[in-house]
Structures are given as C-alpha cells and as structure tokens.
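The structure appears below as structure tokens.
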Amino acid sequence: MWTGFISLIVLVSIVFTLISLGVIGYMPDVESLENPIDKYASQVYSADGEMLGTYSQAKNNRIYSDYSDLSPYLVEALIANEDARFHSHSGVDAYALGRAVIKRIFLFDKSAGGGSTITQQLAKILYSPPSENVFERALLRKPIEWVIAVKLERYYTKEEIINLYLNQFDFLHNAVGIKSAAQVYFNKTPKDLTREEAAMLIGMCMNPAQYNPKRYPERAEARRNMVMKQMQNYGYISQQEYDALKQIPLKLDFRRVDHKDGLAPYLREYLRITLSAKKPKRSNYASWQTEQYALDSLSWETNPLYGWCNKNKKSDGSNYSLATDGLKIYATVDSRMQQYAEEAVVEHMSKFLQPAFDKENRGKSYAPYSRKEEKNIDNLLAKAMKNSDRYKKMKKDGVSESEIAKTFKKPIDMKVFSWKGEIDTLMTPWDSIRYHKSFLRTGFMAMDTHNGYVKAYVGGIDYSYFQYDMVNMGRRQVGSTIKPYLYTLSMEEGFTPCDEMLYEQQTLITENGRSWSPRGIKSSKVGEKVTIRWGLQNSDNMVTAYLMDKTSPYTFTRMLRSFGITGKIDPVVSMSLGTPEVTVAEMAAAYTSFANKGVRVNPIYITHIEDQYGNIIANFVPQMNEVFSESSYVKMIDMLQGVMNGGTGSRLRRNYAVTAPMGGKTGTTNSNSDAWFMGFTPRISAGCWVGGEEPTIHFNSMAEGQGASAALPIVGLFYKKVFADSKLGYSQTERFPTVKGYGVCDKSRDDEVVDDPSPVGIDNIFN
C-alpha cells in the first residue's frame with residue numbers, strides 16, 4: 001500500500017513537473033506569464049468627459065479598467081460567489097477541490113461545483129487553448145490550469161488577479177471586460193455600480209449565455225439574488241440588506257455596443273480612418289483618384305493626425321493599433337454641443353425640408369431626380385447599384401450580371417430609413433436605392449475660432465444608412481460662400497467697402513476668348529452707383545464680376561489656397577461665383593480668419609492621446625496661418641456683419657433670436673444643387689451644406705432650395721441651442737476684436753500683403 005501510495009506521489013510529481021516545463025500539454029513561458037497578452041479597445045472621449053465610442057476587434061470590445069476603478073461591491077460579489085478563500089490560497093483551493101471530488105465521485109452530487117478558484121478561471125481564459133488531443137483535453141486540462149494558476153499567484157497580487165479576470169471576462173453583447181459590461185447593461189462605469197447591479201454581472205460569470213439578462217431576465221434576477229445570498233453568507237451584507245436588495249426588480253439601461261450608434265458617429269469614423277491611414281502609394285489608387293492621392297499625400301506630410309498609428313511606434317517597435325492597444329483618445333468635440341448639432345439637423349431636415357422636398361416631387365415619375373434626367377434614370381440607378389455592397393459581394397462571388405440584375409429586381413424583406421424610425425418592409429434592392437436617394441443630405445461642423453477645436457461634427461442625416469461623410473469626404477460647389485474670399489483679395493489690393501461702381505452687367509473675357517457676363521439681382525438699380533458693401537450684403541453677381549475683373553484667376557487661386565482650400569481649382573473667371581468643390585471642414589476653418597483678425601486656424605479634432613495606463617503619448621496643438629492683413633479684417637468684418645444684419649443671412653436673426661455679433665454668407669449653386677450657409681461669432685465658426693446625394697437631385701424651387709432656406713436654419717438652431725445653455729460658457733455679448741488705426745473706408749493698408757502660405761506646388765499636383 002505504501003509502495004503504491006509513494007509511487008502515486010512520485011508519478012503525480014513527475015506529471016506536474018513535466019507540465020510546468022511544458023513537456024506535457026501547453027505552458028506559457030515566464031515572459032508571457034509576467035506580461036499576459038491583453039488586447040483592449042481604444043476609447044474616444046469628448047472634451048467634457050463623455051465616452052463617445054470605442055474601436056475594437058470584431059466581437060472583442062474589451063476596455064481596460066484599473067482595480068481602483070472597480071466598485072467594491074464587484075470584488076465582494078466575485079469573491080463570495082466564486083472563491084470564498086481567495087485571499088488564503090495560492091492559486092488552488094485544496095479544500096474546495098477535495099469537497100468537489102468527494103461530492104461528485106462518492107456522493108454523486110452534480111451541484112457540488114468544480115472547485116475552480118478565480119485564479120484558475122483566469123488561467124483558463126488567458127492560457128488554455130482548445131486541444132485537439134482527447135487525452136490531453138480530458139485528463140490534463142485541469143492540472144495544466146492548476147500549474148498556471150500557481151504561477152500566476154507568484155507574479156501577480158490578489159488585486160491584479162481580480163482586475164485581470166474582470167477585464168478578460170466576456171459578458172456577451174460585445175461587452176468584453178467589466179468596463180464594457182457596466183456600460184452596455186447599465187450605462188455606468190464599474191465604480192458606480194450598485195450592489196444589485198454588481199451581483200447581476202458577477203452572476204453571469206457562471207454561465208453568461210444561461211443568465212443573459214437581456215434574453216432571460218427572470219433567470220438573471222434569480223441568479224443575482226443567489227449571488228447576494230452568498231454575499232450575506234460571507235458577511236459582506238447583513239440579512240436585512242439582503243432581504244431589501246432581493247426585492248429590487250432587475251432594471252437594465254441596455255445600450256448595445258455598435259460603432260454606428262451614439263453621438264458623433266461620423267466624427268468617430270473619420271478619426272478611425274485618419275489615425276489608421278497608411279502612407280499613400282499611387283498603385284493603391286485608381287486612375288480617376290489622382291486628386292485623392294494628391295490630397296492624401298499632402299495630409300501624410302503636413303497633418304500630424306493623418307496616419308498617426310503608422311507614423312509612431314510603441315516601445316517594442318510595433319505600430320499602434322486602435323483595436324488592441326486600449327488607447328484613450330480625447331476629442332475636442334463637446335458632447336452637449338454635438339447633441340445640439342444633431343438635434344438641429346433632425347429638427348430642420350425631418351420637420352421642414354424633407355417634407356417640402358417630398359411634396360415637390362409627389363407624383364413625378366422622374367423623382368427624386370430633376371426633370372432633365374427623366375430619360376437617364378435607369379443609367380443613374382444602374383451606376384448606383386454597381387456601387388452598392390450587395391452588388392460588389394455578388395460580383396466577387398462570381399455571379400453574372402444578368403443574375404445580379406434579377407436579384408436586384410426581386411422583392412426581399414429589408415429595413416429602410418425613415419425620419420419616423422426604421423421601417424421593416426418588402427422591397428426590391430433596386431427600389432431601395434431610389435428610395436434612399438430621395439432623402440436630402442447634409443454636413444455640419446462647428447469649431448472654435450481661436451484654437452481650432454472642433455466642437456460639433458455631423459457628417460450626414462443617419463450613419464446607419466448614409467455613411468458618406470459630408471464634412472471631410474464630400475466636396476461640393478460652394479456657390480456664393482466663396483465671395484468673401486474674393487472680397488478679401490480686393491481689400492488687400494486697395495478696395496474698401498465704401499468704394500462705388502456703376503451697376504451694370506460686366507463682361508469678362510476668358511483665356512479661350514469667350515465672354516462671361518453674369519446677371520445681377522436688381523434690374524431696378526441698373527445705371528445707378530452701388531457700393532462694394534452692398535454687393536456682398538446682397539450677394540450680387542455683377543459686383544462680384546466687377547471685382548473679379550480687377551484681379552486674375554491665378555491670384556484668386558493663390559488666395560483660396562491661403563484660406564486652406566486644398567482641392568482641385570480651375571483658375572477661370574467663373575470661379576468667383578463658387579464653382580470650386582470644397583468640404584464643409586475647409587469652409588468652416590477658412591471663415592475663422594474673418595473672426596480672428598485675418599489668422600486662419602486649422603481644425604483640431606483631438607487634443608491628446610493616452611495609452612491604456614494613462615500616459616500621454618501624443619499632443620496636438622493649433623496650426624495657424626495669417627491669410628490677410630488687419631486692415632482687410634476691419635473691412636471684411638464690417639461687410640460680413642452687414643450680410644447678417646440686413647442681407648441674405650438676416651433671417652437667422654429674425655427666426656432664431658441670435659443677437660450676438662455675427663458674420664456670415666449664404667450660397668446656392670446652379671439649379672439649387674447645393675445650399676450653403678457659413679456663419680461665425682467671435683468664438684464659433686459654423687458651416688452647413690445641404691443637397692441631394694447627387695447634384696441632379698435638388699429642389700426645383702429657389703424658395704426652398706437656396707442656402708438661406710435649406711442650410712441656414714440648421715446653423716441658426718445650433719446657435720440658438722448653444723447660447724441657451726449657459727453651462728457652455730458662450731455669451732451673446734462677446735464682441736469681435738477691434739484693431740486701432742484702421743477704418744472701414746480707409747484706403748491705407750499694411751505694408752506687406754500676405755501671400756499664399758499653403759504648401760508649395762499643390763496646384764502642380766492637380767495640374
């Protein structure tokens with residue numbers, strides 16, 4: 001008997017030694033045990049501390065949480081429920097293990113539990129890969145976990161083991177780790193969880209699928225009460241507390257983790273794409289993407305944010321990853337201002353503009369396109385079909401064009417967008433393309449005129465259905481919002497707002513010898529004298545043509561570059577009426593110069609980035625360029641305020657009760673394809689574009705399609721909401737800065753005219 005007993009001891013010792021050495025089964029090396037491979041999602045926070053969203057691997061939204069961030073109720077519930085002697089064992093609880101063996105083997109009690117400690121469960125989560133070997137899986141899995149658990153206890157404190165366990169556990173619904181779980185199920189941080197909430201989450205640790213509170217609330221509540229009973233058994237709560245807590249009904253504040261949900265989805269996606277961008281290679285761009293390649297190349301060289309993950313390396317020499325490095329990204333956007341911007345978009349688009357557009361198109365066979373596209377609709381829809389994900393997937397799978405066409409004409413169950421909520425319907429994919437094109441789109445951005453911090457960013461009407469970002473990706477003709485740039489150039493060249501011209505049609509000769517004669521808005525004034533100020537206030541094209549005739553398209557192009565316009569510009573006289581295609585972000589940044597004494601500030605989307613331990617690893621500071629002189633600033637701020645006080649932008653004051661000093665400009669392109677409004681106060685520059693997905697989708701009526709009707713109300717609603725919130729710190733009594741020594745009608749100007757500070761050769765890239 002003794003021989004057999006000693007032999008068994010020796011055999012067990014040999015087996016455990018071989019397991020420890022990695023000869024039998026799987027054993028991580030010491031370095032891996034000291035530094036377990038933890039992959040955490042990166043988080044984006046607003047300027048006022050709200051978490052906007054995360055970047056993670058598919059179905060692995062794990063967010064790092066420190067032990068100090070845990071509610072003590074979580075720790076108490078975990079120990080009471082999973083491992084009562086956690087603080088007294090060294091990884092393996094011999095008493096619990098022996099009890100489990102006796103009850104299961106000798107007493108046939110299947111409810112005896114497995115005797116696994118928290119450390120063993122952590123070992124299983126971290127280091128026990130599924131084995132193909134049946135013998136190893138059946139007989140060695142537990143011994144391997146025991147050995148790893150003992151080693152973990154050597155390398156980590158008890159607090160670190162609990163923290164690792166709670167950070168690693170999968171609570172379902174893409175809630176990996178306790179921080180994600182607290183947010184998904186209760187919209188809280190782990191520190192703010194109540195006793196009953198902590199008990200519910202810990203109860204899921206036994207079997208998250210079986211005790212899923214979203215699917216099986218009764219089971220989850222019963223399991224929660226069992227956990228609290230264990231807490232009472234081990235002295236963490238009293239009998240009276242338990243009796244009261246178990247009566248509390250299970251109440252969730254469930255918020256599914258989805259990058260399409262929540263505040264600022266367009267901004268979060270823009271940041272993901274920008275931070276993760278790789279150095280542009282011409283071979284990765286199609287032949288028609290020359291302009292995009294040029295812009296990306298320029299961004300790689302001049303924009304610290306663009307490609308940050310691939311420009312910077314960690315201590316181990318690898319690049320940063322948004323999905324696995326647990327970065328904390330602190331955005332400049334204010335969650336309250338973002339909320340106001342999104343509300344302004346919904347309020348105007350859903351209640352007024354879209355109903356007006358639908359009414360105008362009702363009964364028209366060519367809707368939502370304009371009448372001139374009536375014979376071309378099938379071609380336009382076919383082109384849109386080929387750009388859809390459904391088409392691309394079928395094409396990749398080798399499906400023929402004829403079969404694809406049949407599939408797109410076959411009705412299927414689908415969800416479609418509506419302003420009243422998502423609709424479940426039966427519709428052909430072909431009809432769904434046309435249906436979704438009938439919705440007008442928008443892009444809105446607001447930024448601080450002094451430091452460039454982007455405070456609100458709305459790239460579209462609904463990210464789930466319309467993911468193209470009309471703030472930084474979409475480029476559309478800007479119409480009359482370009483005119484302040486030409487007027488600024490004129491002020492730099494010696495004009496004043498008080499200068500007069502004879503109001504008559506101007507004829508300019510283009511480089512190819514053709515005449516260009518835009519019409520004005522006031523036939524009754526023909527033959528009279530009008531001032532330059534009147535021309536901008538009323539957005540008159542004849543005054544614009546007059547100023548354009550006093551300069552050259554090439555000089556004007558250089559001025560546009562100094563304002564930060566980076567896209568392709570054709571240097572022709574008609575550009576003065578807004579033919580260049582520009583982004584909302586570029587326009588909002590350009591207009592900061594009018595509030596900032598001629599100094600333009602680039603948009604800043606992130607203030608700093610921290611690693612998962614709170615160390616700052618990147619800071620982003622304002623980038624500024626002087627665009628024009630202070631003497632021109634005095635003249636331009638006078639004229640642009642005139643636009644708001646008595647010109648094309650005056651309805652913002654009438655309809656939205658904004659009394660703050662304000663400048664701005666409306667813009668509308670040919671056929672009402674694009675509606676713009678740019679507005680700025682001493683501290684906030686805001687820009688908005690409204691239009692169809694394609695320029696051929698637009699209002700026929702100027703009354704609804706112009707910038708003052710389609711875009712201005714969104715900016716007006718935003719400013720109204722912002723000024724009404726005193727906690728934001730914006731006052732309507734703040735004034736634009738003054739400059740001594742210069743008058744509005746003063747002919748004097750600075751000695752040196754500011755020239756193009758933009759990167760040299762940008763136009764050569766496009767040309």
task: Assess the side chains of T428 and D431: does a donor N or O sit below 3.5 Å from an acceptor N or O?
output: yes
message: Pairing donors with acceptors under 3.5 angstrom, does anything connect the side chains of S673 and S671?
response: no
query: Roughly how far, to the nearest 0.5 Å, is the CG atom of L577 from the OG1 atom of T668?
result: 12.0 Å
- prompt: Does NZ belonging to K395 count more than 12 external heavy atoms closer than 6.0 Å?
  reply: yes
task: Determine yes or no for a side-chain-to-main-chain donor-acceptor pair under 3.5 angstrom, with S709 supplying the side chain and A703 the backbone.
output: yes
query: Are S438 and R434 linked by a side-chain donor-acceptor pair shorter than 3.5 Å?
result: no
message: Y369 vs H698, test: ring pair (Phe, Tyr, Trp, His ring centres under 6.0 Å). Steps then yes/no.
response: CA-CA 7 Å; Y369 295 96; H698 55 72; 9.8 Å; no
query: Is the backbone of P280 close enough, under 3.5 Å, to the side chain of Y285 for a donor and an acceptor to pair up by distance?
result: no
Whether T669 side chain and Q477 backbone form a donor-acceptor pair below 3.5 Å: no
- request: Using atom types as modelled and distance alone, determine if a side-chain donor or acceptor of S593 lies under 3.5 Å from a backbone N or O of A590.
  value: yes
- request: Return yes if some donor-acceptor pair links the side-chain N/O of R600 with the main-chain N/O of F563 below 3.5 Å, else return no.
  value: yes
message: The test is side-chain hydrogen bond (donor to acceptor under 3.5 Å, both in side chains); show your working for N541 and Y546 and say whether it passes.
response: CA-CA 9 Å; N541 289 343; Y546 170 78; over 6 Å; no
- request: Check whether any side-chain heavy atom of V690 lies under 4.5 Å from a side-chain heavy atom of M349, and answer yes or no.
  value: yes
- prompt: Which is it for R514 and I509 under the side chain to side chain contact (heavy atoms under 4.5 Å, CB included) test, yes or no, and what are the steps along the way?
  reply: CA-CA 6 Å; R514 296 180 180 178; I509 306 301; over 6 Å; no
- prompt: Checking R268 side chain against L263 main chain: does a donor-acceptor pair fall under 3.5 Å?
  reply: yes
task: Would you give the length of the straight line joining atom NZ of K386 to atom CD of E401, rounded to the nearest 0.5 angstrom?
output: 5.5 Å
Donor + acceptor pair across side chains of D358, Q354 (<3.5 Å): yes
task: I would like to know whether F357 and F699 meet ring pair (Phe, Tyr, Trp, His ring centres under 6.0 Å); could you show each step before the answer?
output: CA-CA 7 Å; F357 188 64; F699 276 102; 5.2 Å; yes
- prompt: Applying the ring pair (Phe, Tyr, Trp, His ring centres under 6.0 Å) test to F417, which of F466, Y435, Y463 qualifies?
  reply: F466
- request: Count the heavy atoms of every other residue, nucleotide or ligand shown that sit under 6.0 Å from CZ of R654, and state whether that count exceeds 12.
  value: yes
query: For N379 and N376, does a side-chain donor sit closer than 3.5 Å to a side-chain acceptor?
result: yes
- prompt: Does NZ or CZ of K410 come closer than 6.0 Å to the centre of the six-membered ring of W430, within 45° of the ring's axis?
  reply: no
message: Show the nearest heavy-atom pair for residues V601 and D448, with the distance to one decimal.
response: CG1-O, 4.1 Å
query: Between Q732 and P661, which heavy-atom pair has the shortest distance, and what is it?
result: O-CD, 3.5 Å
field: For F444, the option from F718, Y266, Y340 that meets ring pair (Phe, Tyr, Trp, His ring centres under 6.0 Å)
entry: F718
message: Looking at D389, I'd like to know if its CG atom is crowded, meaning that more than 12 non-hydrogen atoms belonging to other residues, nucleotides or ligands lie closer than 6.0 Å.
response: no
message: Consider side-chain contact (heavy atoms from CB on, under 4.5 Å). Of W689, Y457, Y270, which one does V471 pass it with?
response: Y457
field: Heavy-atom closest pair, residues A711 and C688
entry: CB-O, 3.7 Å
message: When you measure from the side chain of E704 to the backbone of L353, do you find a donor-acceptor pair of N or O atoms at a distance under 3.5 Å?
response: no
S432 (side chain) donor-acceptor with P429 (main chain) under 3.5 angstrom: yes
- request: Using the side chain to side chain contact (heavy atoms under 4.5 Å, CB included) rule, take I684 and T681 through it: C-alpha gap first, then chi angles, then the decisive distance, then the call.
  value: CA-CA 5 Å; I684 307 174; T681 63; 3.7 Å; yes
task: Test Y591 against every option in W676, F677, Y485 by the ring pair (Phe, Tyr, Trp, His ring centres under 6.0 Å) rule and name the one that passes.
output: Y485
task: Decide whether T592 and T449 meet the rule of one side-chain donor and one side-chain acceptor closer than 3.5 Å.
output: no
field: Expected output: side-chain N538 to main-chain D540 donor-acceptor under 3.5 Å
entry: no
message: To check you understand the geometry: which heavy-atom pair defines the closest contact between L380 and E373, and what is its length?
response: CD1-OE1, 3.9 Å
query: Is there a donor-acceptor contact under 3.5 Å from the side chain of H348 to the main chain of A710?
result: yes
query: Side chains of R653 and N645: is there a donor and an acceptor less than 3.5 Å apart?
result: yes
message: Ignoring hydrogens and geometry beyond distance, is a side-chain donor-acceptor pair present between Q706 and T666 at under 3.5 Å?
response: no
- request: Show your reasoning for whether side-chain hydrogen bond (donor to acceptor under 3.5 Å, both in side chains) applies to Q338 and D334.
  value: CA-CA 6 Å; Q338 178 68 29; D334 186 288; over 6 Å; no
- prompt: Between the side chains of K665 and S539, is a donor N or O closer than 3.5 angstrom to an acceptor N or O?
  reply: yes
